[in-house]
Amino acid sequence: MRENPEKLKIIRKPVSLQKFSKKILSSGKSIGLVPTMGALHRGHASLIEMSAKNNDITIVSIFVNPTQFGANEDFAKYPRRLRADLKLCREAGATIVFAPQPKDMYPLPLSTFVHNPKLETLYCGAYRPIHFAGVLSVVAKLFNIALPTKAYFGEKDFQQLHLIRRMAVDLNFPVNVVGAKTIREKSGLAMSSRNEYMSAEERAAASSIYVGMCEAKRLLRRGETSVVKLKEAVRGIVEWAGGKIQYVEIVNKGDLTPMTGKISKKAVILLACFFGKTRLIDHLEL
Ligand code: PAF
């Protein structure tokens, strides 16, 4: 379905992309958008491939968004390597890379934000107070700039995906938000641009996150339905491997409300933890 399979075009200015997208849409073609912060890996490639298969045009945005990082977070050290990213985009089937400068995305400091007051303070939001307002606001801008028919996000950022889906519904964005399965390394560690911050030992130890979540799933299958016990099983394994848990929660898959007592509906484990100085998040459906 993709146009110009061998050509990858880079667009830097929001107005130029908006003009391009309007033209594409008016000719009856579909646009898939894959929003990213770069440092692309196989997880991103799977999103781009999915978009290229299902849309005429695939736009990959590469923008390390300053408004979603707290003052003491890793904005400055977040990996930036456009050349390698372009190669991955080309190979995965993208048509356009949108790589704006911060001054193009934010000619004025942002004063209008998208909030979800309840959900943005839970789980990751409890430890990263401005994070989700920054994410939702930049994704809203990207939707308005790229005018996608479909937008693709990894399920790895489970809370983020839920918030973006909800924003699209609440604010009537004419876009179909598609979530894609988490891609894992052989060890079970979820692929993330932040994995490269870790030493080889930390990276090996971090596979305990997946092991811990799988153990909770195994216990549930064998009849253990206590939320506390299942959370303890995850915590025990991650901490044994040297991880520092920030939170482990078991939540309703549908609305992300925390579960207490016994597992009742479709449940998902959400967690954040540190291996060394690297903060990792993951999830597993139970
Ligand atoms: O998941 C990410 O990489 C970012 O949060 C996103 C969605 C591209 C917004 O900056």
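Read the numbers this way: they start at 1 and go in the same order the structure lists the ligands and their atoms.
- Under the side chain to side chain contact (heavy atoms under 4.5 Å, CB included) criterion, Lys229 pairs with Glu224, Ser226, sequence neighbours left out.
- For Arg166 and Phe173, the positive end is not near the middle of the six-membered ring at less than 6.0 Å and at most 45° from its axis.
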Expected rows: ligand 1 N/O, protein N/O, dist below 3.5 Å:
unit_1: ligand 1; atom_1: 1 (O); unit_2: Gln160; atom_2: NE2; d: 2.8
unit_1: ligand 1; atom_1: 5 (O); unit_2: Gln68; atom_2: NE2; d: 3.0
unit_1: ligand 1; atom_1: 5 (O); unit_2: Gln160; atom_2: OE1; d: 2.8
unit_1: ligand 1; atom_1: 10 (O); unit_2: Gln68; atom_2: OE1; d: 2.6

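- Judged by the 6.0 Å distance and 45° axis criteria, Lys277 is not positioned over the aromatic ring of Tyr197.
- Using a 4.5 Å heavy-atom threshold, the side chains of Arg12 and Pro100 count as separate.
- Within 6.0 Å of CZ in Arg42 there are 12 or fewer heavy atoms belonging to other residues, nucleotides or ligands.
- Remark: side-chain polar atoms of Ser51 are not paired, donor with acceptor, to backbone N or O of Thr58 under 3.5 angstrom.
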